[in-house]
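Single-structure report; data block below.
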Amino acid sequence: MKIERMELREIRLPLIAPFETSFGRTTERRIILVKVFSDGLAGWGECTVGENPFYNHESADSCWMIIRDYVAPMVLGYEIESPEQVPRLTGLIRGNKMARGAVECAIWDLEARRRGKPLWQLLGGAQEEINCGVSIGLEDNDAAILKKVEKEVAAGYQRIKIKIKPGRDYEMIKAIRKEFPEKLMSVDANSAYTLADADLLKKLDEFSLLMIEQPLSYDDIIDHAELQPQLKTAICLDESILSVDDARKALTVGACRIINVKLGRVSGHTEARKIQAYCHERNIPVWCGGMLEAGIGRAHNIAMSALPGFTLPGDVSASKRYWTEDIITPPVEVTPRGTIPRPDGVGIGYEVNEKRIESLTERTEVIR
Ligand code: OSB
Ligand code: MG
């Protein structure tokens, strides 16, 4: 297939409730959508980047520029035999994986539509439904957080993840554990600690957490390898893992026992699948992380999560937790047992609501 044309679009979508992590608070998303065209068919991708360069070095504006000026010219007009070639076509670009991943994912959707198959099937998915957890942001007080946890436990989510930061950690988790002694629970620090906090992190062992996600620096493997043997709780790396090579290095030195896979962070389905395969062979659990995606990104996450080895509940949850109305139909819905059934339709398997997207659009650009 030859990509004849690419449409970039930025939409604004207010979150139902603000979401706060150790690096900041989001109230409204700025989301870049990518639509690629070939032979009368189209494929969709969603850039999973944050508004600001606080989770990683990328931002909505950097991604717009990198896609328009670098990724698009490297992809447009080339005879592409498989979406797996896309990372090589854009390989001269260092980093900027969320920008590259948005286009790569759109081409996977297009390829699945060309073949008349669901994307999960084209990727090699085997699971009929995916296991879901939720990620709960920081709140000013424990009462507010307990209310949120209660709601999500009642909705059936299999695992509750709580954001932590210095000053909102041990006592808060203790209060939640007291109310929910049996619930599968994890915490995510988004790099808010250093090795100097090892004693505090060790104390979290008391709460039998499934994992502690990314306690130390966003670009670190070595310090995590020093921390992991001091903890009973498994470390899960998110920010630090950008490729299968990173996964191999982190596991080899014992920096973590679990890996969070995010499509954008690792530049798309091709690399995500390599990480999944590497970990699956070694019985290392992986799970799908989230970046407050709208429906297109969410649908790509669901397709990836059907792969074998995505056994732990991910952060992919129902559209209605984020948006009054999603950009896909039907919206993503979760069963009372905390699962999302893989969709039957071709490509990402949900219908893209172009009218809704049009009404949310802030800027567009067509690249030929
Ligand atoms: O670290 O997993 C993270 C959101 C934005 C940036 C980083 C993270 C998150 C989440 C939310 O935890 C997951 C979601 O609900 O999409
Ligand atoms: Mg995380």
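Each ligand, and each atom within it, is numbered from 1 in the order the structure gives.
A donor-acceptor contact closer than 3.5 angstrom is absent between the side chains of Ser82 and Glu111. Side-chain polar atoms of Arg9 and Thr361 form a donor-acceptor pair below 3.5 angstrom. Glu104 and Thr270 are linked by a side-chain donor-acceptor pair at a separation below 3.5 angstrom, with hydrogens and angles left out of the test.
Checked against a 3.5 angstrom limit, the closest N/O atoms of Arg298 and ligand 1 fall outside it. For ligand 1, the polar-atom distance check against Lys163 finds a nitrogen or oxygen pair separated by under 3.5 Å.
Within the 4.5 Å cutoff, side-chain heavy atoms of Asp169 are placed close to those of Tyr193.
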Does the ring pair (Phe, Tyr, Trp, His ring centres under 6.0 Å) test come out yes or no for Tyr170 and Phe207, once each step is laid out? CA-CA 9 Å; Tyr170 180 83; Phe207 305 125; 5.3 Å; yes

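Here the protein heavy atom with the shortest distance to atom 16 (O) of ligand 1 is Leu292 N, 2.9 Å. When hydrogens are left out, the protein atom nearest atom 14 (C) of ligand 1 is Tyr322 OH, 3.4 Å; that is the closest non-hydrogen contact. Closest to atom 4 (C) of ligand 1, if we only count protein heavy atoms, is Phe19 CE2, 3.7 Å. Among protein heavy atoms, atom 13 (C) of ligand 1 sits closest to Gly290 O, 3.4 Å. Of the protein's non-hydrogen atoms, the one nearest atom 1 (O) of ligand 1 is Asn190 ND2, 2.7 Å.
Asp238 contributes atom OD2 as its closest N/O/S atom to the Mg ion (ligand 2).
Of the heavy atoms in Phe23, only side-chain atoms (C-beta onward) come closer than 4.0 Å to ligand 1. Neither the backbone nor the side chain of Thr21 has any atom closer than 4.0 Å to an atom of ligand 1 (non-hydrogen atoms only). Counting heavy atoms under 4.0 Å from ligand 1, residue Val134 does not touch it at all. When heavy-atom distances to ligand 1 are checked against a 4.0 Å cut-off, Val316 has no atom that comes that close, whether in backbone or side chain.
In the candidate list Gln214, Glu293, Met291, Lys262, Lys262 is nearest to atom 3 (C) of ligand 1, counting heavy atoms.
Among the backbone and side-chain atoms of Glu213, an N, O or S atom lies under 2.8 Å from the Mg ion (ligand 2).
Across every non-hydrogen atom of Val153 and Lys183, the tightest pair is CG2-CD, 4.0 Å. In this structure, Asp315 and Gly290 approach most closely via the heavy-atom pair CB-N, 3.7 Å.
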